Amino acid sequence: MKRWVKMIRFIGGLCLVTLLGIAYISYLCRNSLCLAPERFSLSTKHSVSASSSSSRSEVPSSPTSTAKLVGGLASTVNIESVAFKEAYEMGFDITDRDVIVFLHIQKTGGTTFGRHLVRDLNLENPCNCPRKRKRCDCFRPNTINEQWLFSRYSTGWKCGLHADWTELTDCVEGALDEYEGLARKRRYFFITVLRDPIHRYLSEFRHVQRGATWKGARHFCGGQEFTSLPHCYKGSNWTGVELDEFMNCSYNLAHNRQTRMLADLTLAGCYTGYNTTTDQLERDRILLQSAKKNLARMAYFGLTEQQAVSQYIFEQTFHLDFENPFDQANATLSAQAIAELTPAQIERVRQLNSLDEELLEFARQLLQERFQLLKRRDPHFRQNWLRMVHPFNYPKMTVCVVDFSCVKESPYLPSMMNFNLSTM
């Protein structure tokens, strides 16, 4: 009899432990922790809806889906992405559910721009940036953990080191759910900065030459992490590499980096057969078309070579002002590198970045259109514009925009004066 009593108690104890375990796991799932693998999956049929609703408090019930299938897998991730038109018409509501997502492409001046975002915006409740800490807390007013900015200097690399469009659109909502401990729908304002392809490429070359690798990049796409991508170098890094060797590596991700990072990679098979001769022309066409489409529907993008114009567009689009004007560096280390190249090497760099060249030309035209549109709508345009190009009492930043080192002016650096500012 005693044996049966002990057995019943033992079984009852196991049931109690099991129930407690289920309750604990359910609690974690409610806070989005146990769902992280599914949310972070870049498994690939996903959609990013460009919001056009008139009310900020309403979430579209059925975002438009885009059909994509990679490797026979299909899943859907829906996020509400705010396009430029809605952004400038309605502005950015830091108190509601709006989130700025900064897609930071290497060597485009994104580090300086990212610091502007966390340290230089004129906000009633600015980001809290403790000394001796790289990241700032950019919480919404009257909250303790709700982020309005998703970037390197606020949340950190939550979606991977220099996450691209493919990674960010699938990851950002799950990452914020996990960070804030609550699953909810948000409105995402995607932003980025582009740079002249030749200058950007040579700046990356110099950075790699000094030892940079970006080994921490995840390269998530199509539901998997491409960890087996070949390296162009042996050993821990590529320190001391010469330009010809850098260019001759066919799988160097520096080639056309801006196009690749703005494109939906699942449309071109992710990294499968990357930079091989098989169907390369078709792959390039798909990536360039996708990059242009994604750039056009971003809430904002800026150009490194057009700092004042980029700042003006940001401020008018988001209805937020920077306390200091953006600094237009006269020249950078990449300009110095160009001056040392032969005509054949410059042409080779141009060929390796032909997609980025076409993308930038598209971006320049689009930036001009946005600038002209906002200028026409701004009754105080002249005052706002002069505040940026002739700051007078505004303190001028002295740090160079891209490489943090200034050199003598180069004729290859695009001049801001080439931008059409007619009919001021």
Side-chain angles (χ1 to χ4, degrees), residues 42 44 48 66 68 70 81 101-110 159-170 190-205 207-208 214 217-222 226 229 232 246-247 249-298 300-306 334 347-367 402 414:
L42 297 181
T44 61
V48 180
T66 55
K68 295 184 288 179
V70 176
S81 175
V101 182
F102 180 29
L103 194 164
H104 184 174
I105 301 173
Q106 291 95 315
K107 311 313 293 179
T108 58
C159 292
L161 179 63
H162 287 285
D164 57 28
W165 190 92
T166 307
E167 293 172 305
L168 282 175
T169 52
D170 272 338
F190 283 88
I191 67 174
T192 195
V193 178
L194 299 180
R195 187 183 181 191
D196 174 82
I198 295 179
H199 284 262
R200 196 218 65 80
Y201 184 84
L202 291 173
S203 183
E204 178 167 344
F205 158 66
H207 200 53
V208 170
W214 295 295
R218 296 165 60 185
H219 300 122
F220 256 102
C221 180
F226 286 80
L229 291 178
C232 293
F246 187 80
M247 293 190 293
C249 179
S250 62
Y251 37 86
N252 190 341
L253 294 179
H255 306 338
N256 290 311
R257 180 181 289 280
Q258 295 177 105
T259 300
R260 178 177 55 81
M261 290 187 67
L262 286 177
D264 181 353
L265 297 181
T266 63
L267 296 173
C270 295
Y271 293 92
T272 304
Y274 177 74
N275 236 18
T276 60
T277 56
T278 306
D279 298 325
Q280 186 61 44
L281 291 178
E282 177 62 12
R283 176 187 172 88
D284 289 348
R285 185 193 65 79
I286 292 172
L287 291 180
L288 181 59
Q289 183 180 27
S290 177
K292 288 180 178 180
K293 179 180 177 181
N294 291 335
L295 184 69
R297 70 185 187 185
M298 277 186 164
Y300 166 83
F301 70 90
L303 295 181
T304 303
E305 66 198 64
Q306 306 290 352
S334 62
E347 181 58 29
R348 175 66 171 152
V349 172
R350 196 181 304 277
Q351 291 173 357
L352 291 171
N353 294 277
S354 59
L355 300 183
D356 279 6
E357 289 263 287
E358 187 171 340
L359 177 66
L360 190 74
E361 183 57 34
F362 172 80
R364 285 172 177 154
Q365 295 175 8
L366 186 58
L367 195 78
V402 180

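The chain is numbered in sequence order, starting from 1. All figures in this text were calculated on a predicted structure; none of them were measured in a lab.
With hydrogens and angles disregarded, no donor-acceptor distance shorter than 3.5 Å links the side chain of T166 to the backbone of C221. Judged purely by atom type and a 3.5 angstrom limit, T304 uses its side chain to pair as donor or acceptor with the backbone of L194. In this structure, the side chain of N353 does not engage the main chain of P197 through any donor-acceptor pair within 3.5 Å.
To the nearest 0.5 angstrom, C159 atom SG is 10.0 Å from L103 atom CG. Between the CZ atom in R364 and the CD atom in E305 there is a gap of 4.0 Å [rounded to 0.5 Å]. Interatomic distance, L287 CG to M261 CE, rounded to the nearest 0.5 Å: 13.5 Å.
Scanning for ring-ring contact (aromatic ring centres under 6.0 Å, His included) contacts around F226 gives Y271, with sequence neighbours left out. Residues passing the side-chain contact (heavy atoms from CB on, under 4.5 Å) test with A291, sequence neighbours excluded: T259, L262, A263, L359. Qualifying side-chain contact (heavy atoms from CB on, under 4.5 Å) partners for R350, counting only residues two or more places apart in sequence or in other chains: I198, I346, E347, E357. Partners of E204 according to the salt bridge (charged side-chain N to carboxylate O under 4.0 Å, His left out) rule, which considers only residues two or more places apart in sequence or in another chain, are R200, R257. Under the side-chain hydrogen bond (donor to acceptor under 3.5 Å, both in side chains) criterion, H207 pairs with R210, not counting sequence neighbours. For R285, the salt bridge (charged side-chain N to carboxylate O under 4.0 Å, His left out) criterion is met by E282, not counting sequence neighbours. Residues satisfying the ring-ring contact (aromatic ring centres under 6.0 Å, His included) criterion with F205, sequence neighbours excluded, are F246. Under the side-chain hydrogen bond (donor to acceptor under 3.5 Å, both in side chains) criterion, Y201 pairs with H255, not counting sequence neighbours. The ring-ring contact (aromatic ring centres under 6.0 Å, His included) test applied to F301 returns no partner, not counting sequence neighbours.
In this structure the side chain of D164 reaches within 4.5 angstrom of the side chain of E167, judged on heavy atoms.
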Q | salt bridge (Lys or Arg N to Asp or Glu O under 4.0 Å) assessment of D356 paired with R195 | A | CA-CA 9 Å; D356 279 6; R195 187 183 181 191; over 6 Å; no
